[in-house]
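See structure below.
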Amino acid sequence: MSKELDKIFESFEGNRIFKDRSILQSNYIPLEIPHRNEQIKQIASILAPVLKGEKSSNIFVYGKTGTGKTLSILYVKDELLKRMKKDNDTELRIEYVNCKLRKVSDTEYRILAELIKKLGGEVPPTGLPTETVYNKFIELIDSKKQILILILDEIDQAVKKISTDFLYNLTRLNSELSKTQIGVVGISNDLTFLEGIDPRVRSSLSEEEVVFSPYNALQLQEILTHRATPAFKENVIEEGVIAKCAAFAAREHGDARRALDLLRIAGELAERENVQKILLRHIDEANIKIEREKILEVVKSEPKQFQYVLYSIIKLLERKDGPVFTGDVYNYYQEICVKNKSEVLTQRRVGDIIQEFDMLGIINVKVISKGRGGRMREIKLAISKSLVEKTKAIIEESLDYNF
DNA sequence: GTCAATTCACATGAAAGAGACCACGGTCTAGTG
DNA sequence: CTAGACCGTGGTCTCTTTCATGTGAATTGACGA
């Protein structure tokens, strides 16, 4: 419904750019997935037995972000469900869970809770022993004869946060079920993920493996064209825009999601400016905007202590050229805490916080050794000057005492 | 001059604590007949 | 007698602290040429 309304509003508001914006959104599942036929066929043939009521092999899917893993799996899922015969006595259920989404499911408990919810059960958000939740899950799925395929997206993240026990339990689950059989599809961004896993779990979990290699610029270009044609009105894209988008994303290890985001944001920018076409410069602007919003959003939502640490880094780097080191940051951070009458975290913790900022791409961190001078992190900012100023302003707002 | 041991200033890991949140079951209270 | 309020216990979850161990290269100092 809302999609239809979008269309209506867009055409009424004198929109000159978009025909159907939703096509460029990352959760949109297109009818065709270019350059992934091989993988889709592979997955489909592995999962095919479930149509006859037999258990399929477990699959492990690798590939970096934005290479179409999730999309392909969901596509196969839909096709399978479409072809499922109604008269079959064993039911087929396929459930998808993203293990990374914070607040949704990044612990064993929550993944199970999420699954139970999808299967129509009910489980409180916390408070129960995990054991109970397991039992409830087993009870729920074993109530009738069915085949269950669990798609666990970003499973590497889950294991990092939980432990491999979870996977072990999962693979062992089949032996505890009498009527139902479970197949697991694990999706991982990390190609080396299975290396550190218990061999028993590894062998049962990755009976089959499917690899998604990154798209190259040419393929990205085709994908973009494929989506842009129905999404935009005719002749609103300047020559070379698509190519530029593709080039940008190809630099980011062929991330198609990124490319689509770029194109969509560029479109929105053009629309807001009320110009007729998406120009090349809109891509640049979109690129900056995505970066900027991502980072400012993060900084805003980060707790006070994190902000203090980041502020220390910014201030210290402002004062002197070249990198700063863990110790400097910690000292300055302590000062800030004292002056703002806030509690001071231990150095151990601050070290972790610094590393988290690195992961977020706000700073660049390298561990260096200065010989007898010790071993420490070398910290540099990884964002543009103007963005730093903006970040600083945001943090200063929440500071009682300004420097 | 050479080489291994030492040393610095942290990094990195593991474990456990604090405090918020919550479910569950039992007990107490107040309202009802 | 019963429904709802009110606890106490035991669970999860996140953020931290504590304790322990690891680490890369400049520095040191013993050694031999």
Side-chain angles (χ1 to χ4, degrees), chain A residues 97-117 121-140 154 156-167 169-170 190 192-193 195-198 298-313 316-317 320 322-338 340-360 362-380 398:
Chain A
V97 178
N98 188 322
C99 305
K100 199 179 86 178
L101 298 179
R102 277 173 87 78
K103 301 289 165 202
V104 181
S105 44
D106 63 350
T107 68
E108 188 170 11
Y109 185 107
R110 290 217 273 251
I111 290 171
L112 282 170
E114 182 74 13
L115 281 172
I116 290 175
K117 210 171 89 194
E122 186 97 30
V123 116
T126 173
L128 292 183
T130 308
E131 176 101 21
T132 314
V133 184
Y134 255 109
N135 292 337
K136 194 154 185 175
F137 178 63
I138 289 170
E139 197 182 305
L140 192 66
E154 320 240 12
D156 46 334
Q157 298 291 325
V159 170
K160 216 190 289 169
K161 295 207 84 166
I162 306 167
S163 85
T164 48
D165 293 357
F166 170 60
L167 291 183
N169 289 339
L170 212 58
D190 182 3
T192 62
F193 170 64
E195 280 171 19
I197 302 269
D198 189 316
V298 168
V299 172
K300 259 184 228 166
S301 59
E302 220 68 53
K304 239 203 232 162
Q305 300 289 354
F306 280 61
Q307 296 196 351
Y308 290 167
V309 174
L310 184 57
Y311 192 70
S312 309
I313 294 170
L316 284 172
L317 281 167
K320 65 164 195 171
V324 294
F325 306 100
T326 315
D328 310 339
V329 173
Y330 187 65
N331 290 338
Y332 199 92
Y333 157 82
Q334 275 180 307
E335 262 179 66
I336 293 183
C337 283
V338 171
N340 282 287
K341 300 192 175 55
S342 172
E343 56 174 333
V344 182
L345 299 181
T346 49
Q347 181 149 343
R348 176 73 185 79
R349 181 66 187 135
V350 172
D352 280 350
I353 292 174
I354 290 173
Q355 207 180 4
E356 279 181 53
F357 278 127
D358 181 43
M359 299 267 279
L360 290 167
I362 299 176
I363 58 177
N364 270 327
V365 157
K366 209 168 77 191
V367 178
I368 56 156
S369 175
K370 291 191 161 190
R372 204 161 188 199
R375 205 160 165 276
M376 61 200 75
R377 290 197 174 94
E378 180 187 272
I379 303 162
K380 282 184 250 171
S398 65

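Every chain is numbered from 1 and lettered A, B, ... according to where its sequence line falls, protein lines coming before strand lines.
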Inset, instruction - Only pairs at least two apart or in different chains count here, so list each salt bridge (Lys or Arg N to Asp or Glu O under 4.0 Å) that has a residue in residues 367-377 of chain A. - result: none
Inset, instruction - Ignoring the backbone of A:Thr107, work out which of C:dT16, C:dT12, C:dC13 is nearest its side chain. - result: C:dC13
Inset, instruction - Looking at every strand, decide which applies to A:Thr132 at a 4.0 Å heavy-atom threshold: base, sugar-phosphate, or nothing. - result: nothing
Inset, instruction - Could you check A:Leu140, A:Val97, A:Val133 and say which one makes a side chain to side chain contact (heavy atoms under 4.5 Å, CB included) with A:Leu115? - result: A:Val97
Inset, instruction - Verify the contact: side-chain N or O of A:Thr346 to OP1 or OP2 of C:dT17, cut-off strictly under 4.0 Å; return yes or no. - result: yes
Inset, instruction - Return the set of residues passing side-chain hydrogen bond (donor to acceptor under 3.5 Å, both in side chains) with A:Ser398 (not counting sequence neighbours), or none when no residue passes. - result: A:Gln307
Inset, instruction - Could you tell me which residues satisfy side chain to side chain contact (heavy atoms under 4.5 Å, CB included) with A:Asn135, sequence neighbours excluded, listed by chain and number? - result: A:Glu131
Legend entry - Distance in angstrom units between A:Glu343 CD and C:dC15 P, rounded: 13 Å
Legend entry - Sugar-phosphate, base or nothing in reach of A:Leu345, heavy atoms under 4.0 Å: sugar-phosphate
Legend entry - Partners meeting side chain to side chain contact (heavy atoms under 4.5 Å, CB included) with A:Lys300 (sequence neighbours left out): A:Ile394
Inset, instruction - Write down the distance between OH (A:Tyr109) and C1' (C:dC13), rounded to a whole number of angstrom. - result: 11 Å
Inset, instruction - In whole angstrom, give the distance that lies between atom CD of A:Glu108 and atom P of C:dG11. - result: 15 Å
Per-pair distances, 0.1 Å, donor-acceptor, side chain in residues 344-351 of chain A, under 3.5 Å, sequence neighbours excluded:
residue: A:Arg348; atom: NH1; partner: A:Asp352; partner atom: OD1; Å: 2.9
residue: A:Arg348; atom: NH1; partner: A:Asp352; partner atom: OD2; Å: 3.1

Legend entry - side-chain hydrogen bond (donor to acceptor under 3.5 Å, both in side chains) against A:Tyr308, all qualifying residues, sequence neighbours excluded: none
Nucleotide N/O to protein N/O under 3.5 Å, stretch nucleotides 18-23 of chain B:
none

Inset, instruction - Pick base, sugar-phosphate or nothing for A:Val350, based on heavy-atom distances below 4.0 Å to the nucleic acid. - result: nothing
Inset, instruction - Apply side-chain hydrogen bond (donor to acceptor under 3.5 Å, both in side chains) to A:Glu302 and list each qualifying residue two or more places apart in sequence or on a separate chain. - result: none
Inset, instruction - Starting at the 5' end of nucleotides 5-13 of chain B, put B wherever the base has a protein heavy atom under 4.0 Å, S where only the sugar-phosphate does, and a dash everywhere else. - result: --BBBSSBB
